[in-house]
Amino acid sequence: MATHASDNGSGHAEWRFARAAKEGALAVAGDKMSIRAARFKISASVDGRDPRPVLPLAHGDPSVFPAFRTAAEAEDAVAAALRTGKFNCYPAGVGLPEARRALAEHLSSDLPYKLSTDDIFLTAGGTQAIEVVVSVLAQPGANILLPRPGYPNYEARAGLHNLQVRHFDLIPERGWEIDIDSLESIADKNTTAMVIINPNNPCGSVYTREHLAKVAEVARKLGILVIADEVYGNLVFGDTPYVPMGVFGHIAPVLSIGSLSKRWIVPGWRLGWVAVCDPNKILQETKIIASITNFLNVSTDPATFVQGALPHILGNTKEDFFRRIIGLLAETSEICYREIKDIKCITCPHKPEGSMFVMVKLNLYLLEGIHDDIDFCCKLAKEESVILCPGEMDLICWKKSYLTKTHFGSSSCLFRVTGTPGLHCMFALRNALRKQ
């Protein structure tokens, strides 16, 4: 006979599922690791009576600006795939074979070896790719090495799967390079992987070939795999060329995360991937590949018609489109960096060279009535209708000792360098700070 929820004395039942909502992983993390939650809070501070348009610098989705429309070839490919009537079905969990084959060929052009169809796993955007990889690595007592500053989604996913996190620092004075010397000291026998983000979100840096080679050597020595978040791959506009981490897959196994979202400016199409860059087949022997397959067989899939369009998107998009997008990003990043230099209470340690972001320091001691970066962003939104993303979201786990060393942390703001209104945003920001 089924038991019933007990009465708590006030006439209401004590529901057994309430504990999960109060003490579960999502409840514990709350909105502290969500960029969307922080952006919503800041956007809510905008004065609705202000006639000025809201100027956004807080998101990585430039598709909202007409100048960043995706390539006509990509749109045509999706439309054609839909019209065939062949892509209204469920796809295979790991992705359509034709799409995987085309992507393997596309990615192999930058590698010293060839990827096969079996090396490619299609996902519902880069977000699901992160979920797949973190889920596969999660086991009791295991830990993963994450960069700080970093992309909060890794922290959140690790928390949801009880995967312990240890942080290595990015050094602003060295162009946000990885503190390679610290990796061995923070890793132990339970460390399974490390994450690198290149081109970097949120710092806007691009790692050299030499630096990536050192990372691979340390990973080999520690016996861990490298998760290379390369969602912004090829979106570089500085002096450092983009080098995929898979180039060093013969030294240590690499799982490369990518997507159409950024390079093609179509985040709403939700097509990403995990590429296995492991010519020595270590991940196959250790059953990591089988675990990825098993995960994708019981999870959601990217839209079949977008998968069907992928071969034509990859093969037909003209280089003129990519050059135009990089030119726009270079222009807006130059505006941002130039204007920041004229604002006394903001410091930028490194000029952005790639992705769509730049990390800056907010010097609170020069501002009156500002308590931290979130307070600054909320007041800026209210007074000037400019939306920024607080650096706290990307520095959520920085320790006091590290803050002292680098002078970053809760006093940092993350500027999103996207879209053509960059100059207007920076003028508004500069005017606001001159009032302090």
Side-chain angles (χ1 to χ4, degrees), residues 107 110-113 115 133 137 143-151 154 165-236 238-258 274-283 286 288 349-355 357 359 394 397-398 401-402 405-406 408:
L107 296 177
D110 292 327
L111 299 174
Y113 51 89
L115 299 178
V133 173
L137 294 175
N143 66 74
I144 187 173
L145 309 184
L146 300 183
R148 56 182 180 193
Y151 182 48
Y154 287 97
V165 168
R166 298 181 180 184
H167 294 92
F168 58 87
D169 300 325
L170 305 185
I171 306 172
E173 296 83 5
R174 298 182 191 171
W176 297 106
E177 280 191 347
I178 295 168
D179 185 1
I180 292 178
D181 295 337
S182 71
L183 294 177
E184 291 188 48
S185 64
I186 63 175
D188 63 17
K189 64 180 181 180
N190 294 317
T191 303
T192 59
M194 67 175 293
V195 172
I196 68 166
I197 305 174
N198 183 48
N200 191 270
N201 170 12
C203 300
S205 55
V206 180
Y207 296 138
T208 64
R209 177 181 290 266
E210 294 74 20
H211 190 61
L212 294 174
K214 292 178 181 178
V215 170
E217 290 291 352
V218 173
R220 178 194 59 78
K221 184 176 181 179
L222 295 174
I224 64 177
L225 68 87
V226 179
I227 301 167
D229 187 323
E230 298 174 325
V231 167
Y232 293 92
N234 291 297
L235 288 179
V236 296
D239 296 329
T240 306
Y242 166 66
V243 178
M245 190 67 202
V247 167
F248 307 100
H250 64 287
I251 299 176
V254 175
L255 292 178
S256 172
I257 292 175
V274 177
V276 181
C277 302
D278 179 27
N280 298 324
K281 304 299 180 182
I282 296 170
L283 299 180
T286 54
I288 293 295
H350 183 71
K351 185 177 181 179
E353 297 184 88
S355 77
F357 318 105
M359 178 73 82
D394 303 270
C397 293
W398 280 30
S401 59
Y402 188 72
K405 181 171 68 172
T406 66
F408 276 71

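Only a predicted model underlies this, so the values are computations on that prediction, with no experimental measurement involved.
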Testing the basics here: between Ala228 and Val254, what is the closest heavy-atom pair and its distance to 0.1 Å? CB-CG1, 4.0 Å
Identify, with sequence neighbours excluded, every residue that meets side-chain contact (heavy atoms from CB on, under 4.5 Å) alongside Ile282. Pro253, Asp278, Asn280, Thr286
Which residues pass the salt bridge (charged side-chain N to carboxylate O under 4.0 Å, His left out) test with Arg220, sequence neighbours left out? Glu217
Among residues two or more places apart or on two chains, list those pairs meeting side chain to side chain donor-acceptor pair (under 3.5 Å) that have a residue in residues 186-200. Asn143-Asp188, Asn143-Thr191, Arg166-Asp188, Asp188-Thr191
Nearest heavy-atom approach of Met245 to Val226 is CG-CG1, 4.0 Å
Set of side-chain contact (heavy atoms from CB on, under 4.5 Å) partners for Val243, sequence neighbours left out: Arg209, Leu212, Val247, Phe248
Is any side-chain heavy atom of Phe357 closer than 4.5 Å to one of Cys203? no
Please list all pairs passing the salt bridge (charged side-chain N to carboxylate O under 4.0 Å, His left out) test where one or both residues lie in residues 221-230, with sequence neighbours left out. Glu184-Lys221
Can you see which heavy atom on Gly204 is nearest to which on Ser355, and at what distance? CA-OG, 3.6 Å
Hey, could you give me the CG/CD1 distance between Asp179 and Ile186, rounded to the nearest 0.5 Å? 8.5 Å
Nearest heavy-atom contact between Ala219 and Ala252 is CB-CB, 3.9 Å
List for me each residue that meets ring-ring contact (aromatic ring centres under 6.0 Å, His included) alongside His350, sequence neighbours excluded, and say none if there are none. none
Side chain proximity check, Leu170 to Ile178, heavy atoms < 4.5 angstrom: yes
Restricting to pairs with a member in residues 192-204, which pass salt bridge (charged side-chain N to carboxylate O under 4.0 Å, His left out), not counting sequence neighbours? none
Can you tell if the side chain of Trp176 reaches within under 4.5 Å of the side chain of Pro149, non-hydrogen atoms only? yes
Would you check if Met194 and Val215 make a side-chain contact, meaning some heavy-atom pair closer than 4.5 Å? yes
First locate atom CD1 of Ile196, then atom CG of Leu145, and finally report the distance between them rounded to the nearest 0.5 Å. 12.5 Å
Quick one: salt bridge (charged side-chain N to carboxylate O under 4.0 Å, His left out) pairs with a partner in residues 191-208, sequence neighbours left out? none
Taking every non-hydrogen atom, the tightest pair across Gly246 and Leu111: C-CD2, 3.5 Å
Could you report the tightest heavy-atom contact between Val206 and Pro241, atom names first, then the distance? CG1-O, 3.9 Å
Just jot down the salt bridge (charged side-chain N to carboxylate O under 4.0 Å, His left out) partners of Lys214, sequence neighbours excluded, or say none. none
Residues that Ala193 engages under side-chain contact (heavy atoms from CB on, under 4.5 Å), provided they are two or more places apart: Leu137, Ile144, Leu225, Ile227
Mind checking what makes ring-ring contact (aromatic ring centres under 6.0 Å, His included) contact with Tyr207, not counting sequence neighbours? His211
Separation of Ile257 CD1 from Tyr154 OH (nearest 0.5 Å): 3.5 Å
Tyr242 versus Asn234: any side-chain heavy-atom pair under 4.5 Å? yes
